[in-house]
Amino acid sequence: PAPNIETIAQLAKRRGFVFPSAEIYGGLASSWDYGPLGVEICNNVKRAWWRWMVYERDDIEGIDTAIIMNRLVWKYSGHEDTFSDPLVDCRACKSRLRADKLENHSGLPIEQAIAAGAVKCPNCGSTDLTEPRPFNLMFRTQVGPVAAEDDPSALAYLRPETAQGIFVNFLNVQRTARRKLPFGIAQIGKSFRNEVTPGNFIFRTREFEQMEMEYFVRPGEDERWHDYWIEQCFNWYTGLGLDPKNLRLYEQPPEELAHYSKRTVDIQYRFFPEREQEEKQWDELMGIANRTDFDLRAHSKGPVDAEGKRLNPDSTEDLSYFDEATRERFYPYVIEPAAGVNRSVLAFLMDAYTEKESERGEKRIVLRLHPELAPIKVAVLPLAKNKPEIVRMAKEIKRMLQPAMRTVYDDTAGIGKLYARQDEIGTPYCVTVDHQSLEDEAVTVRDRDTWQQVRVKVAELTEHLKKRLNL
Ligand code: ATP
């Protein structure tokens, strides 16, 4: 694996995976643009997830909901009140800090520890810190031409999670797809959080993409399904090549749990292998939460308080479920596996990174990406670019392969350099057209991981590669 995130950030920029956003204007803190290879690997991760979640199962439907929704969604989901981080300012160096991430060995709650001078600013060491105050992470915007300051009804938010779009559509999907419990709804899309401390390349940004699935179950069966999804998700990552040694499960302690969660287990990846303390090497890749019936209940018109007053006077629907078999009506419980596309891409890139020595003793970078994730599956390379017949044949082979797999043609360097370039971006196979190809209608297929070469007839090439790429 890569020794640190920085190694991947440099490779990503050099080879066209990820660029700092709007760099010609000095960029924007923690905003990134995905280049020709970056967009491919992101799409491949999303496609793999969708295939696994939606196509290869019988119990999950897909959906794609709006990023800007009625503000009431975020009122009743609890995000307006509670989706915030505790913010602290360092008076000495003016850094903005997250109170919950500060080192606190005093045994006191963080507010008291700060007041007692027991907590240091990680940037300058000062203990002159402000009291923590809640900072809401939702991006605010306005709908229509009147500013939200002048007309509060114009206030809207960019969604901070895709999940709520699923909950408010629970009945739409359940009815139109005629679903019975247990079943799930999956969504992939952008989410936005005005993070206090974004950073570490694409690990934490203010704009990112999520892959979320809400799995609706009978209350009482939730714990079993929670365990099931934890295992499934772990296996999804290892099945796509992540080394289990760099993954672990982390049980969130009660004080870390989100307002809706009964239990949350994170799949963590070793994003920071360079850190001395083993405990600090890990961070969240994906969270799997038991959200109970919190959200469906909160968005329903039915529930009332002790005086019989509706808890949600705005909703026009009751998002409960009627079980035909038992003649019972209840609010389903929800198990939610929630992953980040960008964070997953970072983990896949880090884990695939290897350095190898060539026969000439040069250091070579090889990205051993799972073929399904590799941005380019095959590169067709002519051995001599001044031979028109060879070039023509190579281009024809590229055209032959491209409907079945992402293929590129490259003749802008000598063969050694061309191989090295493809290794560095994780291309599983290179196809080389040489002088002999003109006579025997065969080409050389070179394997990225073993550097072994085999001779394959052009007529059999598509099938040969499809089989190896599992297409
Ligand atoms: P963290 O504790 O790292 O802030 P979280 O617990 O708030 O994350 P969730 O709300 O569980 O994150 O979101 C699910 C997934 O979405 C995360 O596991 C992560 O992969 C991704 N994610 C969340 N916030 C960001 C972000 N700011 N940038 C990139 N990915 C993110």
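Whatever order the structure lists them in is the order used to number ligands and atoms, beginning at 1.
With distances taken over non-hydrogen atoms, the option nearest atom 9 (P) of ligand 1 out of Arg193, Glu161, Met286, Arg343 is Arg193. For atom 17 (C) of ligand 1, the choice among Gln252, Glu336, Gln210, Glu284 with the nearest heavy atom turns out to be Glu284.
Contact annotation: Leu285 has at least one heavy atom less than 4.0 Å from an atom of ligand 1.
Glu131 places none of its side-chain heavy atoms less than 4.5 Å from the side chain of Glu111. A heavy-atom distance below 4.5 Å is found between the side chains of Glu212 and Glu336.
Distances below 4.0 Å separate heavy atoms of Glu195 from the following atoms of ligand 1: 24 (N), 26 (C), 27 (N). Atoms of ligand 1 found under 4.0 Å from any heavy atom of Phe203, numbered from 1 in the order shown, are 28 (N), 29 (C), 30 (N).
Distances between N or O atoms of Asp283 and those of ligand 1 include no value under 3.5 Å. Considering backbone and side-chain atoms alike, Phe208 places every N or O at 3.5 Å or more from each N or O of ligand 1. Looking at Thr205 next to ligand 1, an N or O pair under 3.5 Å apart turns up.
The two residues Val119 and Ala113 make their nearest non-hydrogen contact at CG2-CB, 3.6 Å.
Aromatic ring centres of Tyr321 and Phe216 lie farther apart than the 6.0 Å criterion allows. The aromatic ring centres of Phe201 and Phe203 sit 6.0 Å or more apart. A ring-centre distance under 6.0 Å is not found for Tyr250 and Trp282.
A 6.0 Å sphere centred on CZ of Arg275 holds more than 12 heavy atoms belonging to other residues, nucleotides or ligands.
Counting protein heavy atoms only, atom 1 (P) of ligand 1 is closest to Arg204 NH1, 3.3 Å. Nearest protein heavy-atom neighbour of atom 15 (C) of ligand 1: Ala338 O, 3.7 Å. In terms of protein heavy-atom proximity, atom 21 (C) of ligand 1 is nearest to Gly340 CA, 3.7 Å.
Ionic pairing of Glu80 and Arg140 is not present here: no N-O contact between side-chain nitrogen and carboxylate oxygen is shorter than 4.0 angstrom.
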